[in-house]
Amino acid sequence: MISKQENADLTLLNTFRLPAKASWLVKASGEAALLEALDFARQQKLAVFPLGGGSNLLLARDLDALVLQQLPEPLDWSDTGGQTVSLRVPAGYNWHQLVLETTSRGLFGLENLALIPGQAGAAPIQNIGAYGREVSDCLEAVEGYWLDDPSPRKDKLAAKDCALGYRDSRFKRDWKGRFVITALQLRLQKNAEPCLGYADLADRVAAKKDLRQQQEQACIPLPRIIADTVAEIRREKLPDPQELPNAGSFFKNPLVSREEALALSKDWPKLPQYPTEEGVKLAAGWLIDQCGYKGYRQEHFGVHASQALVLVHHSQVGKASELLALATSISDAVYQRFGVRLEREPELLD
Ligand code: EPU
């Protein structure tokens, strides 16, 4: 069964609350319903645009498309008694709910990715990440349908073939608009060394473990303690899209060569730098902050007061063009001062 709505308003379905309409909005629960929705799109000669939580989108126009929402379906666990547990996660499953359920069972893998908005199906598209972990660390495969053939073709893509990188994958590039993700296959660990490279996270987790030992309270699994701590930190730094519309980080942390990073550190010794295999990542939030934009407001849009990497929609009546103008003035200021180009993170539909 599917539910269909023609000329549907998408304002409440994107976390920036940008006004836009879709030719059709179709909600599908389960695989048979998904195929019915794809068939309907074909009849209407409309492109299919899968929409997850709408938390990484900049809607700058109406969508002449069938916007597809997959409703949550149950998780499918498989524990064959070894050190790992396999899990099939339907695309419509809420991401944070998934993190809470897996970590409460004491499983490691998703604990650092707590409180990321959106649905599971969107996670591999930009390879969501936080606090030193990315979904690619435990993603085995992605299930879905190719839309290029005369009729939709089911496929299971190995994660290693999806070119998952920093906020990047083939789903954003050559597979864009061609593949609808229906489920993720994850492998989680029963025992693992926690990834606590961020000092703030490590300190808070250590304090909680000490407290728990002193109080001899019922044991909460370590992955769940970490997930709760990550959620706590995110709540402090990042605005809740329900209260202040936003799409998380608006820019990626720019990647520069080791030589450029070294030259920048001479002029700006405090600039946070993160060496990676491909080069050195710079903290875009710090660069924007140094240009004086933290807390800045330009009519309906602004820069969040506690994290300069997040742009926010203050009034709920702003237009995407105003938001993009603010983003351009920020990236121009950063380029003038540091010679570094910022790249947008959310997907722009213009
Ligand atoms: N900083 C400032 N001023 C600011 C913001 C940050 O000086 O206004 C400095 C911080 O003090 C810190 C550094 O910049 O030294 C990095 O900041 P933070 O640890 O807050 O993380 P981030 O690099 O800004 C990234 C991700 C976030 C993720 C956090 C935690 C990107 C684009 N963003 O932010 O992801 O939650 O790390 O791991 O990689 C998202 O993608 O939507 C997102 C929120």
Inset, instruction - Identify the residue among Glu134, Lys172, Arg167 that makes a side chain to side chain donor-acceptor pair (under 3.5 Å) with Asn127. - result: Glu134

Legend entry - Heavy-atom closest contact (Leu188 atom, Gly109 atom, distance): CD2-CA, 4.1 Å

Inset, instruction - Decide yes or no for Pro254 and Leu287: does some side-chain heavy atom of the first lie under 4.5 Å from some side-chain heavy atom of the second? - result: yes

Legend entry - Flag side-chain contact, heavy atom, 4.5 Å: Phe250 against Glu345: no

Inset, instruction - Measure from NZ or CZ of Lys4 to the centre of the six-membered ring of Phe40 and say whether it is under 6.0 Å with the direction within 45° of the ring axis. - result: yes

Legend entry - Aromatic ring pairing His313/Phe16, orientation class (parallel under 30°, perpendicular over 60°, tilted between): tilted

Inset, instruction - State whether the number of non-hydrogen atoms from other residues, nucleotides or ligands found under 6.0 Å of Arg341 atom CZ is greater than 12. - result: no

Inset, instruction - Identify whether NZ of Lys or CZ of Arg in Arg105 sits under 6.0 Å from the centre of the six-membered ring of Trp77 and within 45° of that ring's axis. - result: yes

Inset, instruction - Evaluate the side-chain proximity of Leu326 to Glu322: yes if any heavy-atom separation is below 4.5 Å, no if none is. - result: no

Inset, instruction - Inspect the surroundings of CG in Asp64 and state if more than 12 heavy atoms from other residues, nucleotides or ligands are less than 6.0 Å away. - result: no

Legend entry - For Ala120 against Pro90, the heavy-atom pair lying closest together: CB-O, 4.0 Å

Legend entry - Test item: Thr276 side-chain N/O and Gly279 main-chain N/O as donor-acceptor pair under 3.5 Å: yes

Inset, instruction - Check the angle between the aromatic planes of Trp286 and Phe338 and answer parallel, tilted or perpendicular using the 30° and 60° thresholds. - result: tilted

Legend entry - Flag if over 12 foreign heavy atoms under 6.0 Å of CD, Glu193: no

Legend entry - Distance under 6.0 Å and angle within 45° of ring axis: Lys190 vs Phe108: no

Inset, instruction - Classify the angle between the aromatic ring planes of Tyr293 and Tyr296 as parallel (below 30°), tilted (30 to 60°) or perpendicular (above 60°). - result: perpendicular

Inset, instruction - Indicate yes or no for a side-chain donor-acceptor contact from Ser169 to the backbone of Gln126 under 3.5 Å, with no hydrogens or angles considered. - result: no

Inset, instruction - State, yes or no, whether a side-chain contact exists between Val26 and Gln69 at a heavy-atom distance under 4.5 Å. - result: no

Inset, instruction - Tell me, yes or no, whether the heavy-atom count around Lys27 atom NZ, taken from other residues, nucleotides or ligands under 6.0 Å, exceeds 12. - result: no

Legend entry - From CA spacing to verdict: side chain to side chain donor-acceptor pair (under 3.5 Å), Arg224, Ser104: CA-CA 5 Å; Arg224 177 63 197 253; Ser104 298; 2.7 Å; yes

